[in-house]
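A note on names: the letters A, B, ... follow the listed sequences, proteins ahead of strands, and every chain is numbered from 1. Keep in mind that this is a model prediction, so the values were computed, not measured.
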Amino acid sequence: MPVAKPESCDSRVIAHIDMDCFYVQVEQRKQPQLRGLPTAVVQYNEWKGGALIAVSYEARKFGVKRSMRGEEAKEVCPQIHLVQVPVARGKADLNGYRNAGSEVMSILARRGRCERASIDEVYLDLTDAAETMLAEAPPQHLEAIDEEALKSHILGLNNEDGSDVKEIVRNWIHRCHADHRDKLLACGILIVAELRMQVLKETEFTCSAGIAHNKMLAKLASGMNKPAQQTVVPFSSVQGLLNSLPIRKMKQLGGKLGMSLQIDMGVNTVGDLLQFSEEKLQERYGLNTGTWLWNIARGINGEAVEGRLLPKSHGSGKTFPGPRALKTVSAVQHWLNQLCEELSERLCSDLEQNKRIAHTLTLHARAYKSSDSDSEKKFPSKSCPLRYGTAKIQEDAFNLFQAGLREYIGLYGVKSQGSHYSRWGITSLSVSASKIVPIPSGTCSIVKYFHWQSSSHFSSIQSAENLRMDATHLSPPGNESYSEVGLPEPKIHFPGEDSWIEDTTPGLGLQEQKINVWKDEDLSCSPSKKKVDGFTEDTSPLLLSGTQGCLEQNQNKQQREFSKDESRFKSEYREQKGTRLKNKGTSSILKFFKSCNPSGTSLSQEHDRTVQGTDAQLTNGAGFQSSCHNLAELNEVEVAKENGTSSHSYIRDQDEWRREAWSYNINEIDPSVIDELPMEIQDEIQAWLRPRKRPNNIV
DNA sequence: TACTCGGTCACT
DNA sequence: TAGTGACCG
């Protein structure tokens, strides 16, 4: 539900930039002969000609809509050109569009705070730029105004009398007795026109824009005149615009909430909302949403432009509709592997390009059960700490799936009754990575230091790996990963499997999936159960796997950067101190300290010891000390849960378990260790240890 | 059991 | 926190 944000006085200048049928433009840039022709981008095309995900304005004139399939589009517009989305690993590959979006972003970010709202939408806060322009080169003194600016649409301006529209716009921009806010918007017009031309020049993409005093109005405006045009909402036009605006056109009101307003409250336009008091709206929709509704009816929206150019999460997913539903565990594993491969690749790029690390891996699925038509969508999502490396991600994602499937079957299935099993099918799968944070910049010089200290023992790959360990976390206790400790994968079997499953996908590392007869006990206390819920962090700092090359590359790149500009990291460090101090899981640094102890133990020896799991003490309670969490006890916990006897103590136990696994007490660092470090490192460590203010939530 | 494949945000 | 669900295009 939308919520009210603190208001601001709102003489801000906010622009919303919306790329015109973006995917089509990206394809037209690749194939210029398609420009100007009715074109649509389709995803796959086996079933009814594929799903349209972008439609050119030429095609829209024929009535082609985004919700259509390729075949339908051909019916209403036989000459339409259907371009297929690139496919990689058997699924749609949107990377080309993501990259194109980034090109645009980098241009738009030049003039003000820039928030990436989606792959093809951006908010800009141009207040400062507009104020500066007003002070230094106010529009009313400009002799020549750019053509693109003159083509702007100014809401509420009467230009139906046949007079020259551009002349009206010119006059509006030139007005010297205008309200200060209008003057700022006039500056916004000029700035946005310039930016849009720059985008066109550098990327060949056209876009539309809305310019107003807040995000909500800018977003509304950007959609009013498309393509390749811009629309301004002067303060005086706000109420007129909203009064007649269908309620469902408002962002956030296109769904159930908007429907409820229409049906339950008789609200058909945004203006209709004005009749309700804030209390009334709060009573019906809650405090936050009620206030938000009351505000938007008045054109009030204090939401800030966030200043974020990068996405907060990455995901890779695919649907398996109808008869394509995945019906065996090995089929699921095959597709999970594909999805994880893509995700891993994107995480690597993010790490390389943006020095960011994701912390959480989540698996989503949709499923149906033949015995329960309502079970669709109820497949539980599951998450765990994210370990870098394609193989690790694949393994963890598969474990998450198995955990989800057990729950799904347990919750929604009728357990085995005689010989009848209800069959399940997976209709959609996705994996995503979230909690993405910048690599703590303070550790960069630390990594460099250790690299210098021990170039023979400590390869660049290893330091890259430890960089990774800074951001990920030590294992939860009692969660030995089978593959790491050399135990065979547990044989897991599920009801609804067609048969004994064979690995039909060589090279994908599918686990053995022998399907035995389903038994109830397997839900609660089989070894596989312990494994399934025991997805875990590694205990080893040597986690190299499929992305080794990527990490090595990253590290080399990073090293170049380190030597290039150490001071930059220092300043980043100061800027991001709050954020970094918030970062947990810097425990590998502690390992480094201990590894560099006065006993003279070599790093590699220390590494070996660490690998063998003796670092419980070293990490000051970071992960392994809690011996009660051995497999047997975990199993008891699981039994309690399965029996429906889960108690508060179970919940608390789990919470503590997580806290311990995900953080450590920075105060427990042994100060004598720090003294042995070179001064530059000491400074940074000391900064970590100083009492700290609660950081602002600025990334 | 066919509106994809992303993404963001809020609630609990 | 993890999980769910609404919403956008």
Atom-pair distance (CD on A/Gln43; P on C/dG9), nearest Å: 17 Å
When we call it a touch if two heavy atoms are under 4.0 Å apart, what does A/Ser118 touch: a base, just sugar-phosphate, or nothing? nothing
What does A/Leu94 touch in the nucleic acid at a heavy-atom separation under 4.0 angstrom: a base, only the sugar-phosphate, or nothing? sugar-phosphate
A/Leu253 near the nucleic acid: base, sugar-phosphate alone, or nothing, with a heavy-atom cut-off under 4.0 Å? sugar-phosphate
Which listed nucleotide (C/dA2, B/dC9, B/dT4) is nearest to the side chain of A/Lys435? C/dA2
Take atom CG of A/Asn288 and atom P of B/dC9, then tell me their distance rounded to the nearest Å. 15 Å
Output the single nucleotide from B/dC5, B/dC3, B/dG7 whose closest atom is nearest the side chain of A/Thr319. B/dC5
A/Leu257 has its side chain closest, among C/dC7, B/dT4, C/dG9, to C/dC7
Using a 4.0 Å heavy-atom cut-off across all strands, classify A/Arg116 as base, sugar-phosphate, or nothing. nothing
Quick one: does NZ or CZ of A/Arg60 land under 6.0 Å from the six-membered ring centre of A/Tyr57, within 45 degrees of the ring axis? yes
Whole angstroms only, please: what is the OH-C1' distance between A/Tyr23 and B/dT4? 9 Å
Between B/dC3 and C/dA6, how far is it from one C1' atom to the other, in whole Å? 16 Å
What is the separation between atom CZ on A/Arg248 and atom P on C/dC8, rounded to the nearest whole Å? 8 Å
Out of B/dT1, C/dG9, C/dT4, which has the shortest distance to the side chain of A/His364? C/dT4
Mind calculating the distance between CD (A/Glu303) and P (B/dA10) to the nearest angstrom? 8 Å
Heavy atoms only, 4.0 Å cut-off, all strands: where does A/Lys219 land among base, sugar-phosphate and nothing? sugar-phosphate
Of A/Ala117 and A/Trp47, whose nearest nucleotide on DNA chain B comes first from the 5' end? A/Trp47
Roughly how many Å is it from CG in A/Asp93 to P in B/dC5, rounded to a whole number? 12 Å
If you count the non-hydrogen atoms of other residues, nucleotides and ligands that lie under 6.0 Å from NZ in A/Lys65, is the total more than 12? no
A/Lys249 NZ to C/dC7 C1': how many Å, rounded? 16 Å
Please report, rounded to the nearest Å, how far the C1' atom of B/dA10 is from the NZ atom of A/Lys251. 13 Å
Students often get this wrong, so: under 4.0 angstrom with heavy atoms, is A/Tyr44 touching a base, only sugar-phosphate, or nothing? sugar-phosphate
Can you list the steps and then say if A/Tyr97 with A/Phe22 is a ring-ring contact (aromatic ring centres under 6.0 Å, His included)? CA-CA 8 Å; A/Tyr97 308 125; A/Phe22 189 47; 7.3 Å; no
Kindly say whether the aromatic ring centers of A/Phe379 and A/Trp424 come within a distance under 6.0 Å. no
Mind checking if A/Ile119 touches a base, just sugar-phosphate, or nothing, with heavy atoms under 4.0 Å? nothing
Among B/dC5, C/dG3, B/dT4, the one nearest A/Arg66 by side-chain distance: B/dT4
Of the listed nucleotides B/dG6, B/dC9, C/dA2, the one nearest the side chain of A/Ser383: C/dA2
Step through the shown structure and confirm whether more than 12 heavy atoms of other residues, nucleotides or ligands are within 6.0 Å of NZ on A/Lys74. yes
Between B/dG6, B/dC3, C/dC7, which nucleotide has the shortest distance from any of its atoms to the side chain of A/Lys256? C/dC7
A side-chain contact here means heavy atoms from C-beta on lying under 4.5 Å apart; do A/Ile247 and A/Gln262 qualify? yes
Identify which nucleotide among B/dT8, C/dT4, B/dT4 has an atom closest to any side-chain atom of A/Lys312, counting heavy atoms from C-beta outward. B/dT8
Nearest listed nucleotide, side chain of A/Pro380, among C/dG9, C/dT4, B/dC5: C/dT4
